[in-house]
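First the structure, in the form of structure tokens, and then the observations on it.
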Amino acid sequence: MIGIMAFPAFFYTIIVFTIPESPRWLLSRGRISEAESVLKKIDSDAKMEDLIHEMHFSESEKVEEKKETIFLKKYRFPLMLAFLIALFNQFSGINAFLYYAPRIFAEAGLEESAALMSSVGIGITNLVFTLIGVFLIDVLGRKVLMYIGSIGYIISLGLVSIAFFLKWQGIQVPLFLFLFIASHAIGQGAVIWVFISEIFPNHLRASGQAFGSSTHWVLAAIIPSMIPFLFSTIGAGVVFLIFTIMMVFQLLFVIFMMPETKGKSLEELQSTIFKQE
């Protein structure tokens with residue numbers, strides 16, 4: 001089961017070599033002709049002059065930016081946004097569930113064969129609703145998808161917690177978890193990587209994305225590794241209740257903190273999110 005993943009990993013590694021650098025990065029390095037070529041590939045209607053105008057800044061600003069890091073006070077807000085969206089992503093329990101789906105289904109009383117079939121269904125549901133999320137992210141916006149996902153999280157995780165507390169058997173728990181996967185895929189699953197790439201200024205995007213990704217994957221290692229211990233001590237019902245409560249906090253984060261980035265250039269966001277002090 002683990003070894004088979006070497007095949008898509010190998011295919012992914014080969015494909016990575018065909019991915020071009022972003023036009024903004026190429027422009028920032030003075031490689032204008034390469035930037036224009038890439039821009040035409042990803043958006044045939046885009047004009048190089050418009051991108052150059054958007055990215056224009058003085059030589060003194062360039063020198064100053066080389067000294068900056070994402071940990072400066074004026075970048076505290078985007079740093080906090082990246083940290084929180086990554087934290088809530090993992091405190092939904094998504095990776096904990098994906099890693100231990102057969103055991104969770106077994107805890108809910110399913111036979112081994114049914115648990116394995118449900119795990120296959122989870123993968124298909126994840127794929128389908130991720131594609132729907134990718135289609136809708138520029139139609140409805142990032143915040144709307146996060147609203148849909150957060151509410152879906154709260155309902156589905158709450159029902160899973162109740163099911164474990166009341167010892168419901170049969171198909172209920174798998175159905176609730178399918179709703180959970182659909183909520184994740186159309187919300188956090190589609191939004192997190194797009195959002196993190198948009199909230200940092202051009203010269204700090206790489207550092208900002210590295211910070212957000214590191215937060216995400218460190219938590220993706222810590223939280224799932226605790227699941228067997230937590231299930232055997234406090235029980236599955238309490239674990240899913242904790243995840244439910246964390247998703248209530250995520251909904252509050254979306255309502256009161258998360259900015260909408262749909263339809264805005266990085267330079268437009270720079271004038272609103274990145275407060276210059």
Side-chain angles (χ1 to χ4, degrees), residues 80-101 104-105 108 118 121-166 168 171-199 212 215-216 219-220 223-224 227 236-264 273:
M80 189 182 305
L81 291 174
F83 175 80
L84 288 175
I85 197 169
L87 178 137
F88 286 127
N89 184 290
Q90 287 308 302
F91 268 100
S92 69
I94 181 62
N95 279 75
F97 171 62
L98 292 176
Y99 296 167
Y100 292 101
I104 291 171
F105 286 133
S118 297
I122 287 297
I124 295 172
T125 303
N126 195 15
L127 173 63
V128 170
F129 280 88
T130 296
L131 293 176
I132 293 172
V134 169
F135 172 76
L136 292 176
I137 194 168
D138 280 329
V139 177
L140 300 179
R142 288 67 163 140
K143 287 193 71 165
V144 173
L145 293 191
M146 286 294 287
Y147 279 126
I148 294 171
S150 297
I151 294 169
Y153 274 147
I154 294 167
I155 294 171
S156 58
L157 290 169
L159 288 171
V160 172
S161 180
I162 292 170
F164 277 111
F165 278 124
L166 299 182
W168 292 348
I171 198 63
Q172 292 98 323
V173 172
L175 287 178
F176 299 154
L177 288 170
F178 272 70
L179 175 60
F180 165 66
I181 288 295
S183 301
H184 171 81
I186 206 169
Q188 269 271 16
V191 171
I192 179 172
W193 304 117
V194 174
F195 184 73
I196 289 177
S197 73
E198 294 174 321
I199 58 175
T215 301
H216 175 277
L219 290 173
I223 295 173
I227 290 300
V238 176
V239 171
F240 281 101
L241 177 60
I242 293 171
F243 290 151
T244 305
I245 293 170
M246 290 302 297
M247 292 305 94
V248 173
F249 285 119
Q250 175 178 273
L251 182 58
L252 295 174
F253 160 75
V254 175
I255 295 171
F256 295 110
M257 284 189 66
M258 183 179 176
E260 178 56 77
T261 57
K262 171 196 167 188
K264 298 178 182 178
I273 296 179

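Annotation: the span from Leu177 atom CG to Ser183 atom OG amounts to 11.0 Å, rounded to 0.5 Å. Separating the CG atom in Leu157 from the CD1 atom in Ile242 is a distance of 12.0 Å, to the nearest 0.5 Å. Within the model, atoms CG of Leu140 and CD of Glu260 stand 9.5 Å from one another, a figure rounded to the nearest 0.5 Å. Residue Ile148 holds its CD1 atom at 7.0 Å from CG of Leu136, rounded to the nearest 0.5 Å. The structure places CE of Met258 at 8.5 Å from CD of Gln250, a figure rounded to the nearest 0.5 Å. Annotation: the span from Ile154 atom CD1 to Phe249 atom CZ amounts to 11.0 Å, rounded to 0.5 Å.
For Pro224 against Tyr99, the heavy-atom pair with the smallest separation is CB-CD1, 3.3 Å. Nearest approach of His184 to Ser92, heavy atoms of both residues: ND1-OG, 4.5 Å. Here the shortest heavy-atom pairing between Ser161 and Gly237 reads OG-O, 2.8 Å. Contact record, Ile137 with Leu145: CA-CD1, 3.6 Å, taken as the closest heavy-atom pair. Residues Ile199 and Ala82 come closest through the heavy atom pair CD1-N, 3.7 Å. When all heavy atoms are compared, the tightest approach of Ile192 to Ala86 is CD1-CA, 3.9 Å.
Considering only heavy atoms from C-beta on, Val238 comes within 4.5 Å of Phe165 through its side chain. With contacts defined as side-chain heavy-atom distances shorter than 4.5 Å, the pair Ile186/Met146 does not qualify. The shortest side-chain heavy-atom distance between Ile227 and Phe97 does not fall under the 4.5 Å cut-off. For the pair Ile85 and Phe195, the minimum side-chain heavy-atom distance is below 4.5 Å. Between Asn89 and Leu219, the closest side-chain pair of non-hydrogen atoms is not below 4.5 Å. At a threshold of 4.5 Å between non-hydrogen side-chain atoms, the residues Ser150 and Met247 do not count as touching. Residues Ile94 and Ile181 are in side-chain contact: their nearest non-hydrogen atoms beyond the backbone lie under 4.5 Å apart. Contact annotation: the side chain of Leu179 never approaches that of Leu175 to less than 4.5 Å [non-hydrogen atoms, C-beta and beyond].
With ring centers used as reference points, Tyr153 lies under 6.0 Å from Phe180. In this structure, Phe253 has its ring center closer than 6.0 angstrom to the ring center of Phe88.
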- Dump the intermediate steps for side chain to side chain contact (heavy atoms under 4.5 Å, CB included) on Val160 and Phe243, then the final yes or no. CA-CA 10 Å; Val160 172; Phe243 290 151; over 6 Å; no
- Evaluate the side chain to side chain contact (heavy atoms under 4.5 Å, CB included) criterion for residues Met246 and Leu87: first the C-alpha distance (whole Å), next the side-chain angles of each, then the deciding distance (0.1 Å), finally the verdict. CA-CA 10 Å; Met246 290 302 297; Leu87 178 137; 4.0 Å; yes
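The aromatic rings of Phe240 and Phe164 lie parallel to each other, with less than 30° between the two planes, well short of the 60° mark.
By the 4.0 Å N-to-carboxylate-O rule, Glu198 lies too far from Lys264 to be salt-bridged with it.
For Phe135, the CZ atom sits in a loose shell: 12 or fewer heavy atoms of surrounding residues, nucleotides or ligands are nearer than 6.0 Å.
In this structure, Lys262 contributes its side chain and Val139 its backbone to a donor-acceptor pair below 3.5 Å.
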